[in-house]
Amino acid sequence: MNFVKELEWREMLHTSMPGVEEHLKEGMRSAYVGIDPTADSLHIGHLVSVMMLKHFQAAGHRPIALIGGATGMIGDPSGKSKERNLLDEETLRHNQESIKQQLARFLDFDSDAENAAKVVNNFDWMKDFSFLGFIRDVGKHITVNYMMAKDSVKKRLTAEDSEGMSFTEFTYQLVQGYDFLHLFNHEGCTLQMGGSDQWGNITTGTEMIRRIGNGKAFAITCPLITKSDGGKFGKTESGNIWLDADRTSPYVFYQFWMNVSDEDAAKYMRIFTLFSKDEIEELIKKHAEAPHLRALQSALAKDVTIRVHSEEDYNNAVAASNILFGKSTTQDLKKLSERDFLSIFEGVPQSDVDLSVIKDGLGIIELTAEKSDLFSSNGEARRMLKSNAVSLNKEKVDESKVVNSEDLLFGKYLILQKGKKNYYLISVS
RNA sequence: GGGGGGAUACUCAAGCGGCCAACGAGGACAGACUGUAAAUCUGUUGGUGUACACCUUCGCAGGUUCGAAUCCUGCUCCCCCCA
């Protein structure tokens, strides 16, 4: 398999340095991508980089994931990143370990294969670097002129509404560049990959390798993932979509992919799954013939959910979705066994309410806004009710609805909906 | 050190003594239409109350005024130019 060609047809190749393809053909190579360890879980925004590593390994090369313990403290001026907080080392290690676990679902770390994946943390080689040591050994070799020419820097210096740029941020590219040099020297790593916004930072690295390491290294970037409507990829109303099941339930995770627009679905298939070109084209064709069946979204959601979570989680998510999005009614809910009922709503936000509160009747507004956090204020609850957006046990209700024990399913549950897609479970005890 | 500009709700961005809970745009949420899609149309987007109303909000703290996001004083932070 030709790694570069593979990225190309998947439209995951934005820019690459001349000669990369030949370089990779010559034998096994090592490449790395950087990952911010700001949390103990990856989110789906990270997945693109992970997939690049995956393809890289599949092509017989050796992938390295670099946890940016040091760089994460600085903040990359390429993004809109605000000031970063220093993570203490304990947290850092914890995050690193958790992230590695997640990466292991995609990459082969354990086999004896020569190209087994590896995780490194730049904190390990940066923490003991003294300031003087750094400016003497590293800073000396790169001119400010060179650094200023980077888009990420230029933008910050010239923009009219610029908020300026701290020296710390300015040096970011040196620190990241040094990572590359370090990996070049210690791991024989000759390629860095990342999002297209990383191009400038990556080339500082190859430049250092050329000047300090007297070597040749390469860069490949992929396009930043967007949504067809211009929105940010991977964000929902409730925030990031995480890989960690405790942060984002498998059900919500599955739903995220099911909800992708047609236009994006084909694109995401190429990027986030390992389906072949033919298989994807076949699915696109199938989808075009019967769009309402949403072959693309289903295949995408299935593949990614199984890979990130498990077959079982996937099956549960599908079962839940069928009930939740089918034309089911209160009757259908009642027909379920309590066990099935609970497993369906497992991934749905929940809260507990005391039976005494409800027994003698409780207004729907109070229930949704005060006794649970479906809505954040009475006003919001009232507005939503006015616009006919609220359902109780799959039936639309209005402001006058008073909830009492009659409404309980299995004698202890209430299902609330905001709009079509947002479910909320209240357990009464 | 000197001079100039700025800080407004999720973001951008008006307002420059009362008609301001604050124009507009984006975003977000909801409704209709659909295919749990896109596009489109409609509504909502500080809190409490059914509502005329009231309370909290325009960097922070004071002051002037019947009345301030708007004027004054001090403070904090940011940007630009000169040294």
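Chain letters run A, B, ... following the sequence lines, proteins first and then strands; every chain starts at 1. Keep in mind that what you see is a predicted model, and the values were worked out from it rather than measured.
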field: Candidate nucleotides B:rU36, B:rG35, B:rG31, ranked by approach to the side chain of A:K396 - the nearest
entry: B:rG31
- line: Against the side chain of A:M258, the closest entry in B:rU36, B:rU34, B:rG35 is B:rU36
Check the distance between [N]'s [atom2] and [X]'s [atom1] and give it to me in whole angstrom.
X      : N      : atom1 : atom2 : answer
A:Q297 : B:rA38 : CD    : C1'   : 11 Å
A:Y423 : B:rC29 : OH    : C1'   : 17 Å
A:Q417 : B:rU36 : CD    : C1'   : 12 Å
A:F256 : B:rA37 : CZ    : C1'   : 14 Å
A:D264 : B:rA38 : CG    : P     : 9 Å
A:N259 : B:rA28 : CG    : P     : 14 Å
A:H287 : B:rU36 : NE2   : P     : 12 Å
A:H292 : B:rG35 : NE2   : C1'   : 7 Å

query: When rounded to the nearest Å, what value does the distance between P atoms of B:rC10 and B:rC58 take?
result: 12 Å
task: Can you tell me, in whole Å, how much space there is between the C1' of B:rA39 and that of B:rC71?
output: 50 Å
task: Let me have a per-nucleotide readout for nucleotides 39-50 of chain B, 5' to 3', with B, S or -, counting only protein heavy atoms under 4.0 Å.
output: -----SS-SSSS
- prompt: Does a nitrogen or oxygen in the side chain of A:K421 sit under 4.0 Å from OP1 or OP2 of B:rA37?
  reply: yes
- prompt: Does OP1 or OP2 of B:rA30 have a side-chain N or O of A:N422 closer than 4.0 Å?
  reply: yes
Any salt bridge between [X] and [Y], counting N to O under 4.0 Å?
X      : Y      : result
A:R211 : A:E207 : yes
A:D340 : A:K335 : no
A:D407 : A:K401 : yes

Can you give each donor-acceptor pair under 3.5 Å made by side-chain atoms of residues 292-299 of chain A, sequence neighbours left out, with the distance rounded to 0.1 Å?
from: A:R294; atom 1: NH1; to: A:M258; atom 2: O; distance (Å): 3.4
from: A:Q297; atom 1: NE2; to: A:V260; atom 2: O; distance (Å): 2.8
from: A:Q297; atom 1: NE2; to: A:D262; atom 2: OD1; distance (Å): 3.1
from: A:S298; atom 1: OG; to: A:R294; atom 2: O; distance (Å): 2.7

Within 6.0 Å of CD in A:E380, more than 12 heavy atoms from elsewhere: yes
query: Do you know the tightest heavy-atom contact between A:A219 and A:I202?
result: CB-CG2, 3.3 Å
- prompt: Among A:F256, A:F106, A:W257, whose ring-ring contact (aromatic ring centres under 6.0 Å, His included) with A:F272 holds?
  reply: A:W257
- request: May I ask you to say what A:N388 touches in the nucleic acid, namely base, sugar-phosphate or nothing, with a heavy-atom cut-off under 4.0 Å?
  value: sugar-phosphate
query: Start at the 5' end of RNA chain B and walk down; is the nucleotide closest to A:G419 or to A:R294 reached first?
result: A:G419
